[in-house]
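For reference, the structure discussed in these notes is given below.
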Amino acid sequence: MDCLVTKLKGIVNDDSLLPLGGMFFKVVQDSDAQVNQRTLIFMTTKSTELSVVGGANNFVSSDMVSNPKNTINVNAHEGVNTYCKDGDYNILLKDKYSLLELGSWVTPLCTVGLNIEDLAYCKSLRTISANGITGNIEGDLSALAGLPLRYVSIGNKVTGDIKVINDIVWSDNAEIGGGMPATFQVYSKNKEIVGKISELKTNVILTSLGFNGQTGISGSLSEIAAKFPNLTYLNIPHTNITGNIKDITCPLTYMGVYNSPMSGSLEEFVATQRSHGRTTGTCSNGGYWTGNITFNGKPLGDEDEDEFSWTASQITCGETTVTA
């Protein structure tokens, strides 16, 4: 390469410097991490290479011992499972702009981290699955603006405003990621994700939405129903979203609303669903309800009836069935 000052030829052998178009993924030591927590999955549009920086032979097979190596070839449109030995080192993806899918689909990432700001301008990226309470994912949500994404699940050091949902170019290709639902789920352990539902645009593509534990997010259930009419999954516990669950007109099969300022009865929720033509169905709640949700005239509180169901004339929750 030419020196920018002298224009003379030169060579740089410092592999800690990020090459143009490359991206680092940081592995952190955690002897208790399971195999899936130190597995990173890549798919790219072009053939490229992964290499270990700051360590030796840290790529291994799924037994975490055999076939140690320093580099892995990533063939175009072929998913690669990268198993990372315990330790503190970096993984270099030589061509980040070819990223198509990134993440861990079985267990949230734990010991392998990344900064989502490094994904800005990755115009081929469709899915990123890197969420988890013990995760090592950081960066501001604004970096996702303009990307043609289908599936976003990230945490736990992420910051920013959920209004980035307006600026993502959401893909309606249901075959992406092996049929992954159109998803936006974000989490920050430090509750640094903020935003107002009222500032979001109507989005008919998203079917899964989650802001677990983000008290800086406000709005109402009726606003969510209006903005995201096709949601089947809604996980908004520990937020400042208010309202009555009867206002949820979208076809939910999962509704996490515990420990939030929401109210209503399962009977009212089902009445709304029936009024939209869903005369039979099921919906789970993530384990327990907020104290303001009732069924059969009684608060459900923290009872663990995970799922309730309904027909055209009856509702069942736990061991109780009522005609309603």
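Values in this document were obtained by computation on a predicted structure and should not be read as measured data.
In this structure, D167 has no salt bridge (Lys or Arg N to Asp or Glu O under 4.0 Å) partners at least two apart in sequence or on a different chain. Scanning for side chain to side chain donor-acceptor pair (under 3.5 Å) contacts around N240 gives an empty result, with sequence neighbours left out. Looking at residues two or more places apart in sequence or on another chain, you find a ring pair (Phe, Tyr, Trp, His ring centres under 6.0 Å) between F25 and F42. Qualifying side-chain contact (heavy atoms from CB on, under 4.5 Å) partners for D140, counting only residues two or more places apart in sequence or in other chains: E117, S142, T159. By the side-chain contact (heavy atoms from CB on, under 4.5 Å) test, A76 is found to be paired with S47, residues two or more places apart in sequence or in another chain being considered. For D63, the side-chain contact (heavy atoms from CB on, under 4.5 Å) partners two or more places apart in sequence, or in a different chain, are S61, V65, S66. Every residue two or more places apart in sequence or in another chain that forms a side-chain contact (heavy atoms from CB on, under 4.5 Å) with Q314 is listed here: T311, T321, T323. Remark: R274 engages no residue in a side chain to side chain donor-acceptor pair (under 3.5 Å) (not counting sequence neighbours).
The main-chain N or O of L200 is found under 3.5 Å from a side-chain atom of K227 such that the two form a donor-acceptor pair. Although no hydrogens or angles enter the test, the distance criterion places a donor-acceptor pair under 3.5 Å between the side chain of D88 and the main chain of Q29. The closest donor-acceptor contact from the side chain of S129 to the backbone of G103 lies at 3.5 Å or more, if one exists at all. Distance alone, capped at 3.5 Å, is enough to place a donor-acceptor pair between the N70 side chain and the N57 backbone. With hydrogens and angles ignored, the 3.5 Å screen pairs a side-chain donor or acceptor of T48 with a backbone N or O of D95. When atom types are taken as modelled, the side chain of Q214 and the backbone of N212 share a donor-acceptor pair closer than 3.5 angstrom. For E223 (side chain) and S220 (main-chain N/O), a donor-acceptor pair under 3.5 Å exists by modelled atom type. The backbone N or O of D32 sits less than 3.5 Å from a side-chain atom of D30, completing a donor-acceptor pair. Judged by distance alone, the side chain of N58 and the main-chain N or O of V52 form no donor-acceptor pair under 3.5 Å. A distance-only check finds a donor-acceptor pair linking the side chain of E267 to the backbone of N296 [under 3.5 Å].
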| request: Under the ring-ring contact (aromatic ring centres under 6.0 Å, His included) rule, what do Y151 and F184 come out as? Steps first, then yes or no, please. | output: CA-CA 6 Å; Y151 185 94; F184 185 84; over 10 Å; no
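Connection of Y233 to I193 is not established within any shared hydrophobic cluster, with ILVMFWY side chains joined at heavy-atom distances below 4.5 Å, either directly or through further cluster members.
Between T82 and F59, the closest heavy-atom pair is CG2-CE2, 3.4 Å. When all heavy atoms of R150 and W170 are compared, the closest pair comes out as O-CZ3, 3.8 Å. Nearest heavy atoms, A143 versus I116: CB-O, 3.5 Å. Taking each heavy atom of W310 and R278 in turn, the nearest pair found is NE1-O, 2.9 Å. In terms of heavy-atom proximity, A324 sits nearest to I315 at CB-CD1, 4.1 Å. The minimum heavy-atom distance between L119 and I128, with the atom names listed, is CD1-CD1, 3.5 Å.
Counting side-chain heavy-atom gaps under 4.5 Å among Ile, Leu, Val, Met, Phe, Trp and Tyr, the cluster of Y97 also holds Y121.
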Validation: residues 244-254 side-chain donor-acceptor distances under 3.5 Å, sequence neighbours left out:
{"unit_1": "N244", "atom_1": "OD1", "unit_2": "K246", "atom_2": "N", "d": "2.9"}
{"unit_1": "T253", "atom_1": "OG1", "unit_2": "T232", "atom_2": "O", "d": "3.2"}

Determine all donor-acceptor pairs shorter than 3.5 Å in which one atom belongs to a side chain in residues 259-266; sequence neighbours excluded.
{"unit_1": "N259", "atom_1": "ND2", "unit_2": "H238", "atom_2": "NE2", "d": "3.4"}
{"unit_1": "S260", "atom_1": "OG", "unit_2": "I236", "atom_2": "O", "d": "3.2"}
{"unit_1": "S260", "atom_1": "OG", "unit_2": "H238", "atom_2": "N", "d": "2.8"}
{"unit_1": "S260", "atom_1": "OG", "unit_2": "T239", "atom_2": "N", "d": "3.2"}
{"unit_1": "S260", "atom_1": "OG", "unit_2": "Y258", "atom_2": "O", "d": "3.4"}
{"unit_1": "S265", "atom_1": "OG", "unit_2": "E268", "atom_2": "N", "d": "3.0"}
{"unit_1": "S265", "atom_1": "OG", "unit_2": "E268", "atom_2": "OE1", "d": "3.3"}

Return a table of donor-acceptor pairs under 3.5 angstrom between the side chains of residues 173-183 and protein atoms on other chains or two or more places apart.
{"unit_1": "N173", "atom_1": "OD1", "unit_2": "E175", "atom_2": "N", "d": "2.9"}
{"unit_1": "T183", "atom_1": "OG1", "unit_2": "P181", "atom_2": "O", "d": "3.0"}

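Surrounding NZ of K163 are at most 12 heavy atoms belonging to other residues, nucleotides or ligands under 6.0 Å away.
Using a cut-off of 4.0 Å between Lys/Arg side-chain N and Asp/Glu carboxylate O, R38 and D86 are scored as salt-bridged.
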